[in-house]
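Beneath this line is the structure, given in structure tokens, with notes to follow.
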Amino acid sequence: MADDGMLMNFSIGDSVIKPEAKFKGGTWRDRLTAKKRSAHRVSEKEPRDGEAAARNAASKNPNQIQLGTRPVKRQRTEDTDSFNRPSAPRSGGDRRPQQHPRDPRQFISSLFSSNPEARNPEEPKEERDAEDAKPTNAPLIDGLDTFTNLGLSPNLAAHLLTKLELKAPTAIQTSSITQLLKEESDAFIQAETGSGKTLAYLLPLVQRIMDLSKAKNEHTDTQVHRDSGLFAIILAPTRELCKQISVVLENILRCANWIVCGTVIGGEKKKSEKARLRKGLNILVATPGRLVDHLDNTEALDVSNVRWLVLDEGDRLMDMGFEEELQGIVKKLDARQRPSRVPGVPTRRTTILCSATLKMNVQKLGEISLKDAVHIKADPSDEDDEKSNKEEEESFRVPAQLKQSYAIVPAKLRLVSLTAYLKRTFMRKGSVMKAIVFMSCADVVDFHFELFSRNQDREQQRKSDEEEKDGKDEKDEKDEKDEEKKKLSAHGTIAPGRAFSTPTNPVLLHRLHGSLPQNVRTATLGSFSRSTEACVMICTDVASRGLDLPNVDLVVEYDPAFSSDDHTHRIGRTARVGRDGRALIFLQPGCEENYVEILKRGYRDGGKALTRTDANEILKRGFGGNDNKKKNWEEKTTDWQIDVERWALDNPEYLEMARRAFQSHVRAYATHTSAERSMFDIKELHLGHLAKSFALRDRPGKINVPGLRPGQEDTKKDFKAARNGVAGNKRKAEEAPSATNVTDEAARKMRAKMREHMSGANEFNLA
Ligand SMILES: Nc1ncnc2c1ncn2[C@@H]1O[C@H](COP(=O)(O)OP(=O)(O)OP(=O)(O)O)[C@@H](O)[C@H]1O
């Protein structure tokens, strides 16, 4: 895996490739002079840079016919950089990285050479009009159903209309409200992302508890009050989701303020949660871990009256390893249930399981928690569809109006392509307001956040460098920068997205991942939600499920999700409740292309609405343009790439971040679910090319990827091979088995660690 063929893809020193001319005869002085002259002539004729050489070669050989000799490539170092830019600014004394740029271990490879071709040809497209796809998760405004004629009280329906501006139910709400008001059987609610599942279970639940209040007694206006007992528990996998559900619930209960709801989700002192439980609640929103804790240790938590149990985001609850907790909760609720003193309270408990996907783990959760459950779907006709039953169990649906595309992008071009895509996206003000970019793990998010928010204004940098030389204290400058950051975000999670901002359309960058403290995550999400400016959030899967972030127009999966379920949830952050939305996923040529089949499964029509693009297309659009006619898009792209590589080299802090991000990314790559690992085969991953997309010039072997690092002997061989320009092909075959074992072991450990991480004490700290 790791280094295979890498040397073929990197520019290699002249001395390696060009046979040295032999000068015979004369004195040694004559021979030396002749040799020098000859060398001088060659260097004059030759373009100063491998990129330019490659371009020249390409223009002379437009059909790319294989020539007998290898193209002239040179190992480029800082000093031979063809673009002749002034040396990058160095603030604060010698801030060069430990590894000197002239270190032979560093290579500058050409962006546009040796990239693998896409394996699967583009399928011919039928003429279709994606724009006409009717939203499948929108409120049914044209339909006959209103909240009132579904059985909700006029009071509640009026509240929804006037205070919450909800005019009509969505399809899943129509089905579930009807069912859950009428019958007491357990239910499994399955519907697309953004179809309003939260209200689909909250509205009938609140209505049922409101109905208990109809008969007034002599002591109070209403029969139900906070001391009447806990009637419903809603479980969700993360604090963010619990808070979101709780906000929606509080909004509904403003028309029935005698019904009291509360949360126990951790993140505050247990004492305060206990006090809340002691005061009395009628509806409780909780995370499973915290509820188990209170069931075991809080006497005041009386669950004898609980008649509704909701398991929201069922698949995530299982993915996060809550199976045992949920089993325990169900058993305790069964064991502690008693007849209620409140008239009208049902004798049996209704359990409702909610999920956008129906995978094996959700079915298992159903087995644990549901008895004779009714399957509630948005489109009831689906239930009779015998043919698709088997397939559907395995699959998922995406909102029909969501326009999805995939980009086949070779590893080396990933970073530039993402940048170009976002540049293009935010070129015009107002076309896209909010975009979410999903990445594999926290380190990758942090690195890209720094990279995209870095100050690209070289002139400004140069000036500040001069000022520094003039005696400006480095600390002052740092303070200024910090001050600017602080103004935007006290937590360092919000910064200007300079890489894709334009003077007329500044873009605000956010970052979010599970390693950030809870309060920072909440503040960052809040800022992104409220923002009325164009903004991008770079995040891990921590933001993929259930979060209802308003007006997200675009979702980019820069790193494909670790499971197709996650993919569904990620793209479900856009195209919500009938709104338009776009999603783009980056796939590398090779085995990753097979993922397109999974993308297609999300559509009823087999994925006709899917479109395909590639790196060149994206780069032309993002880096093209007419501002400088002398430079074509390839040159501009290369300029940008070299610029970020220099930025990383010049800043040890960022170089370290890039290396860490690279390492973590490779480790994370090995954790794709086993069913999908053939599409994300780490053995096919070209680490040398991948390093380029982290702005690294290091050879991958030197980046110390845990579990992937070659032994000392191998390292030496690599070095020798690199210096002598001998491609490591021979070793490739020998190396493969051991690398595979090491990789598998790394993958196993990583998965174990992630599981532990997810189900451990801090259930929210998803990487
Ligand atoms: N009938 C309705 N009319 C208009 N908006 C609605 C309606 N029902 C729900 N919404 C809004 O739709 C948004 C999405 O709802 P919700 O989060 O419940 O979707 P979901 O199906 O649970 O999505 P996910 O599967 O991603 O969790 C919310 O902002 C909610 O206020």
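When a ligand or atom number is given, it counts from 1 through the structure's own listing order. Only a predicted model underlies this, so the values are computations on that prediction, with no experimental measurement involved.
Atom CD of E184 has more than 12 heavy atoms from other residues, nucleotides or ligands within 6.0 Å.
Within the structure, every pair that satisfies the side-chain hydrogen bond (donor to acceptor under 3.5 Å, both in side chains) test and touches residues 195-205, not counting sequence neighbours, is listed here: Y201-D312.
Of all heavy-atom pairs spanning T574 and D580, the tightest one is OG1-O, 4.0 Å. Minimum interatomic distance between E533 and M433 (heavy atoms only, all atoms of both residues): C-CE, 3.5 Å.
Annotation: ligand 1 has protein neighbours P139, F147, L166, A168, P169, T170, Q173, E192, T193, G194, S195, G196, K197, T198, L199, E313, G546, D548, R573, R576, V577, each with a heavy atom less than 4.0 angstrom from the ligand.
Note: H510 and F449 fail the aromatic proximity criterion, with ring centroids not under 6.0 Å apart.
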Review point. Would R573 and D548 satisfy salt bridge (charged side-chain N to carboxylate O under 4.0 Å, His left out), going step by step from the backbone distance to the final call?
Key: CA-CA 7 Å; R573 296 318 98 206; D548 185 39; over 6 Å; no
